[in-house]
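Notes follow the structure.
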Amino acid sequence: MLEQKLPIANSRLEVAPAQVRIILAEEGNDVLSAIMHPLEELREISMLTAGNFSIKQVSEHNHARLCDRIRHDLTRLLEKEGRFTASPTFHSHVADLHEMLGEIEAAQSRLAVAVDLSLNPSLRHRMGANFIAMGRQDKALALFGGMDLCTDVHANLRLAYLSARDNQIDDAIVAVERALNISPTDFGGRLFRGALALAKQEFPKAILNFKLALEERQSVSAYTNLAISYVLIKRPDKAFTALRKAIALEPYNEDAVGLLADLGFLEKRNDIAIGPLERLVGFEQKSEGNWARLARALLDSGQKRKAVDALKRQASVRESSAVFNNLGVAHHRLGERQKAMQYFRHAISLAPKDNVDATLLPVRNLICVLCEENEYLAARTTALKVIEGDPKWLLSTNPVFSDIYAFYFAALVRTGERKEALRFSKRILKEVPNAAPGLRVWLAASLVAEYGMVPEKFEEALGFGMQEMGTLTHLERDDNRRHLLHNNLAFLLIEMGRIDEAQQHLSKMSRYIHVEPYATATLGLLNFKRGHIEKGQALYEEALRLAPFARDRRRIAQKMNLELGYAMLDRGDTSQARRCLMMAAKDNEPVPEIRDRAKERLMTLKKG
């Protein structure tokens with residue numbers, strides 16, 4: 001049976017991916033929120049805002065109090081300066097306190113005095129680090145370059161860092177290798193060498209160095225870098241293991257949890273990230289990104305109500321177009337389409353004027369739901385505004401926003417503008433060669449569907465369909481547009497009498513038969529044409545049970561009655577044939593071409 005459905009049923013979420021940071025060297029740092037919108041939910045969101053807790057803010061408050069104590073200690077220490085003018089330890093201690101207060105230049109002055117009084121290389125290392133912090137790279141290079149590079153691991157690693165900052169990867173490798181020759185098991189050297197191997201796309205070498213670093217020290221940075229290496233060699237199983245170990249060491253490390261969540265989404269294993277994300281948002285409740293990732297994981301794991309709660313918490317942190325778009329998606333998945341449309345409209349109103357993408361995503365989602373609600377006139381009007389603002393059809397090349405063009409085609413057909421829909425789709429297929437593969441395949445499948453019952457258009461329809469067969473390689477294996485094109489081509493070829501070719505297309509979508517109604521009905525049609533009437537009828541009846549909507553059931557039943565009518569005529573059962581044909585020929589049946597064929601055959605019977 002020919003399949004005509006909306007291009008992409010699901011609305012699209014907007015979740016910013018976690019930053020992928022390759023850690024060159026470890027230093028140190030620290031890491032929490034509560035959620036609702038349009039109408040009655042706006043008030044709930046504002047109430048949640050007051051309850052959001054952030055460990056970062058607590059840390060900042062504590063740091064401010066600590067700075068007051070440090071300032072007091074510094075004042076007390078400086079009162080003793082007269083007695084310890086010649087002590088490098090005293091000046092080093094004063095430098096420590098200045099560094100804690102962020103007073104790098106004052107610290108540097110004290111370190112310079114300490115260096116004049118002592119040969120301790122650690123003081124020079126600190127001076128070099130401060131030069132880097134002040135942006136004085138030339139001074140840092142001169143200082144570290146003048147140290148004993150045959151024995152000083154730290155100086156070599158600092159030189160490597162400076163080279164890497166300037167994208168001089170080969171020079172950085174030379175410096176790191178010098179450091180590792182001095183100390184082959186040095187954690188910092190192995191971590192750095194692995195990161196540089198990643199930069200050179202030497203993945204096995206990167207993995208080896210990160211593993212060697214982990215033998216010296218269990219580290220979140222090393223496990224995270226190792227996970228990234230495994231992702232790049234397409235070993236997500238090992239990447240998951242590495243990230244789990246990183247999170248076991250630091251459950252509230254946002255980088256590690258964020259990467260786990262993003263990898264879980266890509267690998268369709270969202271459930272694996274829910275626990276770590278829930279722990280993280282329990283302590284860092286003012287991170288939009290963490291709430292968004294938790295909502296995505298919950299939504300794709302089927303926990304839709306909990307996803308809505310997470311998104312409300314995200315909105316309580318900051319109201320944005322993205323969060324309200326995502327709330328619309330969540331309500332859409334719950335089947336609450338009216339509420340979904342309210343959220344999408346609210347998201348559109350909040351989108352920054354200079355951010356076109358932020359506007360287009362909720363617009364795309366709104367048009368999708370309008371079509372599902374059979375509000376095709378509103379969908380057509382909304383889509384046309386976008387298309388008129390895109391004279392060069394650039395949006396048709398975008399894998400997400402190109403859906404707007406597909407929805408426009410569907411809305412044109414359903415509002416009686418069939419000729420305009422056909423002209424529109426042919427123009428895109430002919431004039432926009434770089435249109436998104438999903439759009440091209442869907443439009444081709446739709447043209448096949450529109451012409452699949454019109455004999456004089458069979459060859460043209462077949463041409464459009466076969467032209468896009470190569471495009472299927474650009475779609476994911478489970479993209480429903482793949483089986484849509486195969487199904488419609490199979491139906492068309494059956495109607496053309498090219499049964500063997502039709503069978504080839506049906507074999508490409510075997511996993512959808514007995515699962516998806518139109519694929520099952522097409523196999524039923526194939527059996528009718530081969531004379532297996534009982535089997536064909538059984539498959540059509542199975543397709544009727546699988547069809548979720550009344551319109552689909554009516555279309556499938558109409559075609560089944562037509563084929564049964566033909567089959568009964570071939571058997572000589574005229575009365576049964578007439579009964580089936582009359583059911584297919586009713587004026588309120590959905591497919592005009594089938595209706596006309598049935599009426600034509602009935603007229604022939606009447607004359608006979």
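What you see is a predicted model; the values in this text were computed from it and never measured.
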Which word best sums up how the rings of Tyr405 and Phe424 line up, parallel for under 30°, tilted for 30 to 60°, or perpendicular for over 60°?
parallel

| said: Taking Arg571 first and then Asp573, would you say they form a salt bridge - that is, a charged N and a carboxylate O separated by under 4.0 Å? | reply: no

Value for CZ (Phe240) from CG (Leu259), rounded to nearest 0.5 Å, stands at 11.0 Å

- Query: Is Glu456 atom CD crowded by more than 12 heavy atoms from other residues, nucleotides or ligands, each under 6.0 Å away?
  - Reply: yes

*Pairwise side-chain contact, Leu360 with Val386, heavy-atom cut-off 4.5 Å (strictly under)*: yes

In short, Pro362 meets Ala347 closest at the heavy-atom pair CB-CB, 3.8 Å

For this session: Indicate whether the side chain of Gln537 and that of Glu541 have a donor and an acceptor atom separated by less than 3.5 Å.
Result: yes

Interatomic distance, NE2@His474 vs CG@Leu472, rounded to 0.5 Å, equals 9.5 Å

So, Thr415 versus Arg380: side-chain donor-acceptor pair below 3.5 Å or not? yes

query = Once the angle between the rings of Phe344 and His332 is folded into 0 to 90°, is it parallel (under 30°), tilted (30 to 60°) or perpendicular (over 60°)?
reply = perpendicular

- [ ] For the residue pair Arg555 and Tyr518, confirm or rule out a side-chain donor-acceptor distance under 3.5 Å.
- [x] yes

Would you say that more than 12 heavy atoms from the other residues, nucleotides or ligands in this model lie under 6.0 Å from the NZ of Lys385, or not? no

Exercise for the section: Examine the side chains of Thr522 and Asn487 and answer whether a donor and an acceptor come within less than 3.5 Å of each other. Expected result: yes

inquiry  = Between Lys306 and Glu278, does any NZ, NE, NH1 or NH2 come within less than 4.0 Å of an OD or OE carboxylate oxygen?
reply    = yes

Checklist entry - Under a 4.0 Å N-O cut-off, is there an ion pair linking Lys559 with Glu563? => result yes

